[in-house]
Amino acid sequence: MTKNCNLYCKHCYRDAGPNEKQKDELDTKESKELIKGIAKAGFKILIFSGGEPLLREDLFELTEYAHSLGLIVGLGTNGTLITKEIAKKLKESKVRAVAISLDSLDENKHDEFRQVKGSFKDCIRGIKESINAGLKVQINTTVTKSNYEEITKITDYISSLGGHSHHPFFLVEVGRGKNIGKEGLNKKEYKEIINRILDKQKNTHIELKPTCAPQFMVEAKEKGMDMRFSRGCIAGIKYCCILPNGDVHICPYLPIKVGSVREKPFDVIWEQSEIFNKLRDYKNYKGNCGSCKNINICGGCRARAFSKTGDYLQEDTFCLKGDD
């Protein structure tokens, strides 16, 4: 919805921050046309994100409009602006769930990553107020070397509060994430934490989903786990991203423009885009991904492939094929 944000997080894929509002953001009328196109394209879920979407004055009007068209409405937020009043307003404006970013149970560590003192306390308040208001709460955690060991502890904490799900996000070097590549996991750590998360799923009632880590589907298959997800990477297949100015991208972490809703309706872009249709035909995939028997359930991270090779159809460099 916007690049404007009250925080300046080290890993931000959108390079958002204070006073970063773009002059060419879609206005309310254009946003409603976009939402209409999303519903027409057959989507069921719409997530309003940013930057910080709560800084958009028309947020509640747009969430109500999306709901009126039959869409399930979610919000991706840093949580720091959610007071009791805002949580109530979100509920009243037909938001069903909020995804709130929490990167550590260590207050100083979280604040340092988000680069604003006090963001941890405000985030926890936002989580609790959202739960109290009857919203489903998903916690998103960006996995780095600094919080690698506490991921499942965060799961337990969120579960104890009454949260609905925990989605650990694996770092993709895009936006400001390019500046902290050294904080990302190596391949061995990546596989280990995926399996630790999957094992944790067996012992918790909340949903766990490694994100930007599509190989979790293969690891789950080998463990005999029945996952509700259809595929690891659904970018361009069942999911995409629209930027504040209406540019359509494959996913938030993959800066390839597919089209613009100011030039064509979204449903036309979604159905007719050459790039999207290439992603939907697995014969176009290259390297290990192109020859993998699990391409239909994994797909490799298209954003990581692009970040590392410059080709969104190349193999994901964190492919675990053939690893012990």
Side-chain angles (χ1 to χ4, degrees), residues 13 37-47 167 169-174 177 184-185 187 190-191 194-195 198 209-243 247-261 263-324:
Y13 60 82
I38 290 170
K40 187 176 179 181
F43 281 86
K44 305 299 182 186
I45 299 173
L46 175 58
I47 309 298
H167 288 200
F169 278 68
F170 289 78
L171 184 67
V172 178
E173 295 180 39
V174 64
L185 306 184
K187 199 169 177 180
Y190 177 75
K191 181 170 183 174
I194 286 176
N195 279 278
L198 290 173
K209 180 181 181 291
T211 305
C212 300
Q215 291 81 11
F216 88 89
M217 289 290 289
V218 180
E219 299 296 306
K221 176 184 175 182
E222 292 179 354
K223 289 175 179 290
M225 296 177 67
D226 184 20
M227 307 296 286
R228 75 169 182 85
F229 311 104
S230 60
R231 193 170 190 256
C233 181
I234 56 174
I237 298 171
K238 295 184 178 181
Y239 165 84
C240 72
C241 170
I242 299 97
L243 272 61
D247 287 351
V248 180
H249 281 200
I250 295 172
C251 88
Y253 308 95
L254 211 171
I256 291 181
K257 180 179 176 180
V258 178
S260 169
V261 299
E263 298 169 2
K264 290 183 181 180
F266 173 78
D267 54 298
V268 174
I269 295 172
W270 179 250
E271 293 169 7
Q272 298 180 7
S273 162
E274 180 182 356
I275 292 174
F276 283 153
N277 284 310
K278 279 184 177 180
L279 286 164
R280 294 163 189 167
D281 185 349
Y282 305 154
K283 294 193 296 293
N284 292 314
Y285 290 40
K286 304 172 185 177
N288 281 342
C289 289
S291 60
C292 183
K293 65 180 180 181
N294 291 310
I295 187 66
N296 61 317
I297 62 168
C298 173
C301 177
R302 296 299 95 215
R304 188 175 293 110
F306 181 79
S307 173
K308 297 295 185 182
T309 72
D311 184 349
Y312 66 92
L313 292 171
Q314 258 298 350
E315 68 179 61
D316 179 353
T317 53
F318 266 25
C319 175
L320 302 177
K321 182 178 179 181
D323 286 5
D324 293 331

Can you name the nearest heavy-atom pair linking E271 to R280, along with the distance? O-NH1, 4.2 Å
Give, for atom CD1 of I45 and atom NZ of K238, the distance between the pair rounded to the nearest 0.5 Å. 11.0 Å
Where the side chain of K278 meets the backbone of S273, is there a donor-acceptor pair that is under 3.5 Å apart? no
Let's go through E263 and I269 carefully: what are the C-alpha distance in whole Å and the side-chain angles of both, what is the deciding distance for side-chain contact (heavy atoms from CB on, under 4.5 Å) to 0.1 Å, and is it a yes or a no? CA-CA 10 Å; E263 298 169 2; I269 295 172; over 6 Å; no
Just say parallel, tilted or perpendicular for the rings of Y282 and Y285, cut-offs at 30° and 60°. perpendicular
Is it true that a side-chain atom of D247 and a backbone atom of K257 form a donor plus acceptor pair closer than 3.5 Å? no
Whether Y253 and F169 hold their rings parallel, tilted or perpendicular, with breakpoints at 30° and 60°: tilted
L254 side chain near H249 side chain, heavy-atom distance below 4.5 Å: no
Taking the side chain from R302 and the backbone from D311, do they hold a donor-acceptor pair closer than 3.5 Å? no
Atom CZ in R231, atom CD1 in I295: separation rounded to 0.5 Å? 5.0 Å
How far apart are the C-alpha atoms of T317 and K187, what are their side-chain angles, what is the distance that settles it, and do they pass the side-chain contact (heavy atoms from CB on, under 4.5 Å) test? CA-CA 9 Å; T317 53; K187 199 169 177 180; over 6 Å; no
Nearest heavy-atom approach of A305 to Q314 is CB-O, 3.4 Å
Determine whether F318 and F170 make a side-chain contact, defined as any pair of heavy atoms from C-beta on separated by less than 4.5 Å. no
Salt-bridge present (E219, K223; N to O < 4.0 Å): no
Shortest non-hydrogen contact between A220 and L198, atoms and distance: N-CD1, 3.6 Å
Spatial distance of atom CD1 (I47) from atom CD1 (I242) [nearest 0.5 Å]: 11.5 Å
Of C233, S307, P214, which meets side-chain contact (heavy atoms from CB on, under 4.5 Å) against D316? P214
dist L313:CG -> E315:CD (nearest 0.5 Å) comes out at 12.5 Å
Minimal non-hydrogen separation, G236 against F276, with atom names: CA-CD2, 3.5 Å
Shortest non-hydrogen contact between A213 and I194, atoms and distance: CB-CD1, 4.0 Å
Nearest 0.5 Å, what's the CD-OH distance between Q215 and Y190? 3.5 Å
Could you check V248 against V261 for side-chain contact (heavy atoms from CB on, under 4.5 Å), going step by step and ending with a plain yes or no? CA-CA 7 Å; V248 180; V261 299; 3.9 Å; yes
All heavy atoms of F306 vs all of Y312, minimum pair found to be CD1-N, 3.9 Å
Got C241 and Y13 here, is their nearest side-chain heavy-atom distance under 4.5 Å? no
Determine, step by step, whether K209 and F216 satisfy the side-chain contact (heavy atoms from CB on, under 4.5 Å) criterion, reporting the C-alpha distance in whole Å, the side-chain angles of both residues, the deciding distance to 0.1 Å, and the verdict. CA-CA 8 Å; K209 180 181 181 291; F216 88 89; 4.2 Å; yes
Find the distance between CG (L279) and SG (C251) and round it off to the nearest 0.5 Å. 9.5 Å
